[in-house]
Asker: 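First the structure, which I've put down as structure tokens, then a few questions once you've had a look.
None of these values were measured; they are calculated from a predicted model.
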Amino acid sequence: MKQRILAEARQEIYKSGFRFTMADMARRCGLSTKTIYECYSSKEDLILDMVQQAIDELTEREQSIVNDPKLGTMDKLRALLVLLPRDFQFFDIKRLHELQRYYTNVWNIMDSFLTEQWDGVTQMLAAAQAEGLLEKFNTALFIQLYIGGLYRLMEQASTGAAQMTLRQALDEMVDIMLNGIRKR
């Protein structure tokens, strides 16, 4: 039942953001509002479950990338830097801004994940430097630049300035960070 509700909630968020009600969700699922509330005590609880599943998926996929013997170090690094939950990759960036603005507790959990879970990237940066694929640089600063760039993209999205998906924005940002802006 919860998976069905989550799937419908994801579709609603893609379509119109986080402004749905639990009654909307009940209609969309063909269930009673009471049934929805038996599964989730609040809309925030529903969104939190969605975000927690996305975090779990990311953690699992990160390990899969790091341990994939078919990928080279730079391929692993790029894959980790653009890694998104499958359900989030077509999100407009402004959805993350809406999450930050209207669901602060859920956002704080996601923000902690975004700012603290860098083990795989740190490991690949060190491996790439040891292999001579990257110059030596301050990896903590690199990570802060990435996080700052992501947050700046979200701020722009809130003003309507960004007209790209989160996937497109991350691909472009990571390309600039790994390959620079010099003409090749």
Side-chain angles (χ1 to χ4, degrees), residues 1-14 39-40 45-97 99-100 103 105-154 157 164-180:
M1 181 74 67
K2 279 189 163 187
Q3 292 305 317
R4 180 173 161 201
I5 296 168
L6 286 172
E8 292 296 332
R10 286 182 193 107
Q11 291 302 314
E12 187 63 33
I13 292 168
Y14 292 141
C39 294
Y40 294 101
D45 187 33
L46 168 65
I47 295 168
L48 176 61
D49 193 17
M50 189 181 320
V51 167
Q52 190 57 57
Q53 286 190 8
I55 289 171
D56 293 346
E57 177 199 336
L58 283 178
T59 303
E60 187 176 306
R61 289 177 56 208
E62 178 185 59
Q63 284 307 304
S64 178
I65 291 168
V66 168
N67 296 320
D68 188 341
K70 294 181 230 156
L71 294 175
T73 303
M74 291 303 291
D75 295 328
K76 290 179 182 179
L77 179 58
R78 181 170 180 73
L80 291 172
L81 288 171
V82 299
L83 186 61
L84 290 172
R86 287 183 179 93
D87 292 328
F88 283 26
Q89 54 188 303
F90 301 109
F91 263 30
D92 188 312
I93 307 172
K94 68 182 175 189
R95 299 290 181 244
L96 288 179
H97 182 75
L99 182 68
Q100 181 183 29
Y103 297 95
N105 292 334
V106 177
W107 173 255
N108 288 339
I109 291 168
M110 182 176 259
D111 184 54
S112 291
F113 179 76
L114 288 173
T115 57
E116 296 170 9
Q117 301 297 321
W118 288 89
D119 295 346
V121 169
T122 302
Q123 183 183 347
M124 287 304 110
L125 287 172
Q129 288 174 334
E131 293 172 26
L133 300 171
L134 292 175
E135 296 289 331
K136 295 281 185 194
F137 60 87
N138 183 330
T139 55
L141 179 59
F142 177 86
I143 291 168
Q144 290 305 312
L145 288 170
Y146 178 96
I147 294 169
L150 178 62
Y151 285 8
R152 182 73 180 130
L153 288 170
M154 290 183 340
M164 59 177 56
T165 66
L166 184 55
R167 162 63 64 208
Q168 292 167 327
L170 280 181
D171 281 342
E172 196 162 332
M173 185 174 78
V174 168
D175 187 52
I176 291 168
M177 291 183 78
L178 292 180
N179 299 316

Asker: Any side-chain heavy atom of Leu114 within less than 4.5 Å of one from Ile147?
Answerer: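 The answer is no, as the side chains (C-beta and beyond) never meet within the 4.5 Å cut-off.
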Asker: If you define the side chain from C-beta out and look only at heavy atoms, does anything of Gln117 sit under 4.5 Å from Ile55?
Answerer: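 Counting from C-beta outward, Gln117 and Ile55 never come under 4.5 Å.
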Asker: Measure the CD-CZ distance between Glu57 and Arg61 for me, rounded to the nearest 0.5 Å.
Answerer: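 Here the interatomic distance stands at 5.0 Å.
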Asker: Could you check if a side-chain atom of Glu62 sits within less than 4.5 angstrom of a side-chain atom of Ile65, using non-hydrogen atoms only?
Answerer: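 Side-chain contact under 4.5 Å: no.
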Asker: Please name the pair of heavy atoms, one in Ala128 and one in Thr73, separated by the smallest distance, quoted to 0.1 Å.
Answerer: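 So the minimum-distance heavy-atom pair works out to N-CG2, 3.5 Å.
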Asker: Could you give the distance from CZ (Arg4) to CE (Met1), rounded to the nearest 0.5 Å?
Answerer: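 Answer for the CZ-CE pair, Arg4 versus Met1, is 6.0 Å.
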Asker: About how many Å separate CD of Gln3 and SG of Cys39, when rounded to the nearest 0.5 Å?
Answerer: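 Separation between the atoms: 10.5 Å.
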Asker: Ignoring hydrogens, what is the shortest heavy-atom contact between Val174 and Arg78? Give both atom names and the distance.
Answerer: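 Reported closest heavy-atom pair: CG1-NH1, 3.3 Å.
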Asker: Drop me the distance from Arg10's CZ to Glu12's CD, to the nearest 0.5 angstrom.
Answerer: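 Between Arg10 CZ and Glu12 CD, I get 13.5 Å after rounding to 0.5 Å.
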Asker: Do the non-hydrogen side-chain atoms of Leu178 and Phe142 ever get within less than 4.5 Å of each other?
Answerer: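 Yes, their side chains come closer than 4.5 Å.
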Asker: Which class fits the ring pair Tyr146 and Trp118: parallel under 30°, tilted 30 to 60°, perpendicular over 60°?
Answerer: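 The rings of Tyr146 and Trp118 stand perpendicular, inter-plane angle above 60°.
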Asker: Could you measure the distance from the OH atom of Tyr40 to the CE atom of Met50? Nearest 0.5 Å is fine.
Answerer: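 That separation rounds to 8.0 Å.
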Asker: If you define the side chain from C-beta out and look only at heavy atoms, does anything of Leu48 sit under 4.5 Å from Asn105?
Answerer: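 No. Closest side-chain heavy atoms not under 4.5 Å.
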Asker: Taking the side chain as every heavy atom from C-beta outward, state whether Lys2 and Gln53 have any atom pair closer than 4.5 Å.
Answerer: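 The answer is no, as the side chains (C-beta and beyond) never meet within the 4.5 Å cut-off.
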Asker: Taking the side chain as every heavy atom from C-beta outward, state whether Gln52 and Ile109 have any atom pair closer than 4.5 Å.
Answerer: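 Sidechains of Ile109 and Gln52: in contact.
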Asker: Yes or no on side chain to side chain contact (heavy atoms under 4.5 Å, CB included) for Ile5 and Asp49, after CA distance, side-chain angles and deciding distance?
Answerer: CA-CA 11 Å; Ile5 296 168; Asp49 193 17; over 6 Å; no
Asker: Find out whether Asp68 and Asp75 are in side-chain contact, i.e. whether some heavy atom of one side chain is under 4.5 Å from a heavy atom of the other.
Answerer: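 Asp68 vs Asp75: side chains apart.
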Asker: Please find the pair of heavy atoms, one from Trp107 and one from Leu99, that lie closest to each other, and give the distance.
Answerer: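 Distance-wise, the nearest heavy atoms are CB-O, 3.9 Å.
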Asker: Please walk me through it: do Leu81 and Leu170 pass side chain to side chain contact (heavy atoms under 4.5 Å, CB included)?
Answerer: CA-CA 8 Å; Leu81 288 171; Leu170 280 181; over 6 Å; no
Asker: Looking at Val121, Leu80, Asp119, which hits side-chain contact (heavy atoms from CB on, under 4.5 Å) with Val66?
Answerer: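 Answer to the side-chain contact (heavy atoms from CB on, under 4.5 Å) test with Val66 among Val121, Leu80, Asp119: Leu80.
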Asker: Report the distance from atom CG of Leu6 to atom CD1 of Ile47, rounding to the nearest 0.5 Å.
Answerer: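 These two atoms lie 10.5 Å from each other.
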